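Below is one structure, written out as structure tokens, with a few remarks after it.
For this chain, numbers begin at 1 and follow the sequence in order. The structure displayed is predicted, hence computed values, not measured ones.
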Amino acid sequence: MSSFLHRYNPENLSTLERYVETQARENAYDLEANLAVLKLYQFNPAFFQTTVTAQILLKALTNLPHTDFTLCKCMIDQAHQEERPIQQILNLGDLLETCHFQDFWRNLEENAELIDGITSFEDSVRKFICHVVGITYQTIEKWLLAEMLGDLTDMQLQVWMSKYGWVEAEPDKIFICNQEESIKPKNIVEKIDFDSVASIMASSQ
């Protein structure tokens, strides 16, 4: 109980918010800490920060196909879900979760400012898309794969094909090989207590 009270003490909120910004900047991820921020916003609506919530949602998207995005979304009240940029990010999440990848990239291009400060966001999304491709396709048209990954150039596409062991078995057709051995996204969650977070933030200042 004392740990619960300590974690959800509103006096800790500013430190946790800075930790969210650190995650975005340094391409780290801590779901437990981010959920604590959203829970504090529930307990203390006057403290709600749209920018921090947007960062939390974007970081959750980088961990698809895990359910982090849904968990975070459920902790945001309807009124705030309808605010910009939260509404835009929720729309991006819906497009990814329903595998409308081309629409996702078009939408993101129109709202590129959403991911300012979120290091490696696009590549994290591409890892999720490759995961979906790896469990869905045996072969795929080269142009379609390039579109699904965000209109990649041929050289950029080759990098991702090499990463997942996919080969161009015949002109303009990609063979998705070794599906069982494909690298799957992993849920990397650091279990860090509040004192550790405070120490990290102090040392980074």
Quiz item: Going from OG on Ser120 to CG on Asn27, what distance comes out if it is rounded to the nearest 0.5 angstrom?
Solution: 4.0 Å

Quiz prompt | Donor-acceptor under 3.5 Å (Asn44 side chain, Leu40 main chain) | solution = yes

Self-check item: Non-hydrogen atoms of Thr153 and Gln156 that approach each other most closely
Solution: N-OE1, 2.9 Å

Quiz item: If you look only at pairs with a residue in residues 80-117, which of them pass as a ring-ring contact (aromatic ring centres under 6.0 Å, His included), with sequence neighbours excluded?
Solution: Phe48-His80

Practice problem: Please report the closest heavy-atom contact between Gly134 and Ile176, naming both atoms and the distance. | Solution: CA-CG2, 3.9 Å

Self-check item: Stepwise side chain to side chain contact (heavy atoms under 4.5 Å, CB included) check, Glu122 with Leu108
Solution: CA-CA 10 Å; Glu122 291 166 301; Leu108 183 62; 4.2 Å; yes

Quiz item: If only atom types and distance count, is the side chain of Ser162 paired as donor or acceptor with the main-chain N or O of Gln158 below 3.5 Å?
Solution: no

Exercise. Run the numbers on Lys173 and Glu141 for salt bridge (charged side-chain N to carboxylate O under 4.0 Å, His left out), then give the verdict.
Key: CA-CA 5 Å; Lys173 186 160 289 190; Glu141 298 288 340; 3.7 Å; yes

Quiz item: Are side-chain heavy atoms of Glu97 and Thr70 found at a separation under 4.5 Å?
Solution: yes

Quiz item: Are Ile76 and Leu57 close enough that some pair of their side-chain heavy atoms sits under 4.5 Å apart?
Solution: yes

Side chains of residues 83-92: which donor-acceptor pairs under 3.5 Å do they make with residues two or more places apart or in other chains?
{"residue": "Glu83", "atom": "OE1", "partner": "Thr50", "partner atom": "OG1", "Å": "3.3"}
{"residue": "Gln88", "atom": "NE2", "partner": "Asn111", "partner atom": "OD1", "Å": "2.7"}

Quiz item: Does CD in Glu109 sit with more than 12 non-hydrogen atoms of other residues, nucleotides or ligands closer than 6.0 Å?
Solution: no

Quiz item: Quick one: CZ on Arg25 to OG1 on Thr119, what's the gap to the nearest 0.5 Å?
Solution: 8.5 Å

Quiz prompt | CD on Gln55 to CD1 on Ile118, rounded to 0.5 Å | solution = 5.0 Å

Practice problem: Give the intermediate values and the outcome of salt bridge (charged side-chain N to carboxylate O under 4.0 Å, His left out) for residues Asp154 and Lys142. | Solution: CA-CA 9 Å; Asp154 190 67; Lys142 187 175 183 179; 2.6 Å; yes

Quiz item: Got Leu152 and Arg126 here, is their nearest side-chain heavy-atom distance under 4.5 Å?
Solution: yes

Quiz item: Is the closest side-chain heavy-atom distance between Ile129 and Val125 below 4.5 Å?
Solution: yes

Exercise. Answer yes or no: is there a side-chain heavy-atom contact under 4.5 Å between Asn34 and Tyr29?
Key: yes

Quiz item: Going through the checks in order, is the side chain to side chain contact (heavy atoms under 4.5 Å, CB included) test met by Asp94 and Lys73?
Solution: CA-CA 11 Å; Asp94 288 341; Lys73 177 181 176 179; 4.1 Å; yes

Practice problem: Just do the side chain to side chain contact (heavy atoms under 4.5 Å, CB included) check on Met148 and Gln102 with the steps written out, would you? | Solution: CA-CA 5 Å; Met148 291 171 70; Gln102 291 97 321; 4.1 Å; yes

Practice problem: Answer yes or no: is there a side-chain heavy-atom contact under 4.5 Å between Tyr164 and Lys127? | Solution: yes

Exercise. First locate atom CD1 of Ile56, then atom CG of Leu38, and finally report the distance between them rounded to the nearest 0.5 Å.
Key: 4.0 Å

Quiz prompt | Contacts of type side-chain hydrogen bond (donor to acceptor under 3.5 Å, both in side chains), residue Lys39, not counting sequence neighbours | solution = Gln42

Quiz item: Is there a side chain to side chain contact (heavy atoms under 4.5 Å, CB included) between Tyr41 and Asp77 once you walk through the steps?
Solution: CA-CA 10 Å; Tyr41 289 159; Asp77 65 57; over 6 Å; no

Exercise. Look only at the side chain of Lys59 and the backbone of Asp30, and say whether a donor-acceptor pair between them is shorter than 3.5 Å.
Key: no

Quiz item: Taking C-beta and beyond as the side chain, do Leu35 and Leu31 meet within less than 4.5 Å on heavy atoms?
Solution: yes

Practice problem: Output the distance between atom OH (Tyr19) and atom CG (Asn12), rounded to the nearest 0.5 Å. | Solution: 14.0 Å

Self-check item: Side chain to side chain, Phe47 and Glu17, heavy atoms closer than 4.5 Å
Solution: no

Exercise. Pick out which of Leu145, Ile174, Leu144 makes a side-chain contact (heavy atoms from CB on, under 4.5 Å) with Tyr137.
Key: Leu144

Quiz item: Measuring from Met161:CE to Cys130:SG, what's the distance to the nearest 0.5 Å?
Solution: 10.5 Å

